[in-house]
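This report concerns only the one structure given below.
Naming: A, B, ... by sequence-line order, numbering from 1 per chain.
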Amino acid sequence: MEPLLVVEHLTKIYQRGEILALDDVSFTVNRGEFLVLIGLSGSGKSTLLRCINRLIEPTSGRIIFDGIDVTKASPRELRLIRRRMAMIFQNFNLVRRSLVMTNVLAGRLGYANPWLSALQKFPRSDIEMAMANLKRVGIPEQAYKRADELSGGQQQRVGIARALMQKPDLLMADEPVSALDPATSNSVMQYIELMNKEDGVTVITSLHFLSLARRYGTRILALKDGKIVFEGLPAEIDEAKFKEIYGEEAEEVEIR
Amino acid sequence: MDEKYYAGFMTSKPDWMKGLKFIRRRILAFTTDFVFLAYTWTIFSFIVNMLAYQTKSFVILPWWVMLIATVEIAGLWESFGISVGMRLLGVQVSGGEEKPMLRLGRRFLRFILWNISGIPLFGLIFATDQGKRALHDRLSGLSVVKAEPATSRRRYTESWALASFGIVLSTIIAAALFTKVDMRAFFTGAPKTGRIWAALLTPDWSVFLKGFRYLITTIFTACLATAFAIVFAAPLSFLAARNLTHGIIGRIVYTIVRATMSIIRSIEPIIWGIIFIVWVKVGAFPGVLALFVHSVADLTKLYSERLESIDPGPVEAIRATGARTAHVILYGIVPQIINPYLSFTIYRWDINVRMATVIGLIGVPVIGQLLYQYTQLYKFHMVGMMMLLILATVWSLDYLSARLRARLK
Ligand SMILES: Nc1ncnc2c1ncn2[C@@H]1O[C@H](COP(=O)(O)OP(=O)(O)O)[C@@H](O)[C@H]1O
Ligand SMILES: [Mg+2]
């Protein structure tokens, strides 16, 4: 079967500051994989994820998603591609002043009738789906609260519910649990794992802790200064590899 | 691999560009000092002329003497102390690690050399070493460095503070002389106003209805101007927000909108009023237009500043769902700005009511016009009535607007 995502020679140079954030990055992601990106902060993980759905324009290289060239897509095509790739964020990126329900429904905007949703009207089926997804992440009772009234873990679950609304083929998560405490981290990671296992959504996520990467990842990709320095199974990261990725002084911390 | 990097994408800036940046700083510091000293000279001359000869004149020496003196004093100041310009730009002349502020001999040498190489800009532009040191600094063994906080506090390093204090003081003295502050009249003339106070406190109710009619016009003028202003300012603010205007076209639009708005805003509503009276004839309508134009400019600025401080996260998240641009704005941006926008609008409406009162001066039939007319006719009881109406309006407005805005917090 052809891979879901192919990234070829992806390079990103930020004009401001002339920073080479991604340096000739190439890799493939197969359907159903749970790929974890690791690397020090500043190694280019966020940039890589945002290049895939072109929230950031790549400087050069190609990205092929399900056989479609994302880098060459017109604005309209890009929207159709984006709705198949959901994304969740380190800071949750909810609209804090809006209701949880509105935030979740925003996940449907790629599919919605533009005129109705401009009036904040969604079809009943979408509202039912939003409720079902909130139930799935365990916070149906929060639906009509304002997003900023929720705790961090709950907000990230709203983020997941919003992603579920897209019925995506690919989920990209940019350090989804970095802002959360260890216990909450695990519960959020489990919801992401569920999406991967039950709905068959392919996952690419960056993670701060190697222990989490080992636990959830089926494959690991390590970045350093915008280059891929390791690609393989979690078990293959030994002491030497670890030092190479994180630097000589680093110690592996366990979080459970 | 063929399209990987464009050639030389990581090269750092060339020396002459660094040099240019450095020169800009130095010239700016000198210009500041020059303007500062020239101003001090002028004010000083004025005070001397005023006190000694009772003439309003700004010169005591021929202009070219003043010019040369100003340049030379600025040079001396920059060589020996920390001048106002240097202080503002955060630089100082340093004599090395141990004695940054001493080395008087070298400093004197620098001053002489500065006259030769600095004034014709020769030493600054053509003879810097890698944009680090100008010729006169290099030859005198000194360098201009980033100011260190509190290195050897001496009188001459604090000269900028002394000079700043001096300039403020002399400005106040000059201003007092200029406007003929007359303390004696202030303290002895008060009883003459008794008649006015009495009249104001016993308003003439026969003009109440007339005043009230004008008051209604005033408030309607403000409401209409504000309402129209929202319609224009809200979309314009998106073009005037730095974070939402991308690319060359975006930047041009941004600059044009920003510049236009700040020009419009700097013209007072009363001037706009005069323009529109000529344009559409006297009446309430030119008043509406004047306030409208000024409000659009003001609200665009307030709105766009708010837009510039929105959280980009939700916007990014909604874009990532595949939403159209219109939906990104509606779902990602609007919820973040709606309350501040309303709050700014109420604030502006409040201002508009006050300004609508004032534009009566130029013949717009608002309550200010009656106030002005009755004052001209010395009908102080009627003036008192108008003032009562205005006071009541301003008070209730203050209260209402504070209440509404507290709700939007
Ligand atoms: N908008 C930007 N403009 C300029 N440089 C940026 C921008 N975003 C990120 N960078 C730089 O790109 C590099 C990679 O950053 P990022 O992708 O955020 O890394 P990570 O997510 O692994 O911490 C860093 O050096 C960072 O400073
Ligand atoms: Mg990051």
In terms of heavy-atom proximity below 4.5 Å to chain A, should B:Ala326 be classed as side chain, backbone, both, or neither? neither
For A:Ala86, which atoms come within 4.5 Å of any heavy atom of chain B: side chain, backbone, both, or neither? neither
In Å and rounded to the nearest 0.5 Å, what is the CZ to CZ distance from B:Arg319 to A:Arg50? 10.0 Å
What part of A:Pro75 is in contact with chain B, defined as an atom under 4.5 angstrom from a non-hydrogen atom: side chain, backbone, both or neither? neither
Go through the atoms of A:Met172 and report whether side chain, backbone, both or neither lie under 4.5 Å from a heavy atom of chain B. neither
Heavy-atom cut-off 4.5 Å, strictly under: side chain, backbone, both or neither for A:Arg162 against chain B? side chain
B:Arg251 atom CZ: more than 12 heavy-atom contacts under 6.0 Å: no
Surrounding NE2 of A:His208 (heavy atoms of other residues, nucleotides or ligands, distance under 6.0 Å), is the total greater than 12? no
Quick check for you: to the nearest 0.5 Å, what is the distance between A:Asn103 atom CG and B:Tyr331 atom OH? 11.0 Å
Gap separating the CZ atom of A:Arg83 from the OG1 atom of B:Thr321, nearest 0.5 angstrom: 10.5 Å
State, yes or no, whether a side-chain contact exists between B:Ile338 and A:Arg97 at a heavy-atom distance under 4.5 Å. no
Heavy atoms of other groups near A:Asp225 CG, more than 12 under 6.0 Å: no
Given a strict heavy-atom distance threshold of 4.5 Å, which part of A:Asn91 is in contact with chain B: side chain, backbone, both, or neither? neither
More than 12 heavy atoms of other residues, nucleotides or ligands under 6.0 Å from CZ of B:Phe228: yes or no? no
Between atom CG of B:Asp311 and atom CG of A:Asn93, what is the distance when rounded to the nearest 0.5 Å? 6.5 Å
Under 4.5 Å from any heavy atom of chain B, what part of A:Leu94 do you find: side chain, backbone, both or neither? backbone
Residue A:Gln120 versus chain B: region with a heavy atom under 4.5 Å: both
Counting only heavy atoms from other residues, nucleotides and ligands, does the tally under 6.0 Å from CZ of B:Phe232 exceed 12? no
B:Phe238 CZ: over 12 foreign heavy atoms closer than 6.0 Å: yes
Give a yes or no on whether A:Tyr111 atom OH has more than 12 heavy-atom contacts from other residues, nucleotides or ligands under 6.0 Å away. yes
Pick whichever of B:Pro335, B:Ala320, B:Ala317, B:Ala323 has the most heavy-atom pairs under 4.5 Å with chain A. B:Ala320
Quick check: closest heavy atoms across B:Pro314 and A:Val95, and the distance to 0.1 Å? CB-CG2, 3.7 Å
Rounded distance [0.5 Å steps], CZ in A:Arg76 versus CZ in B:Arg324: 7.5 Å
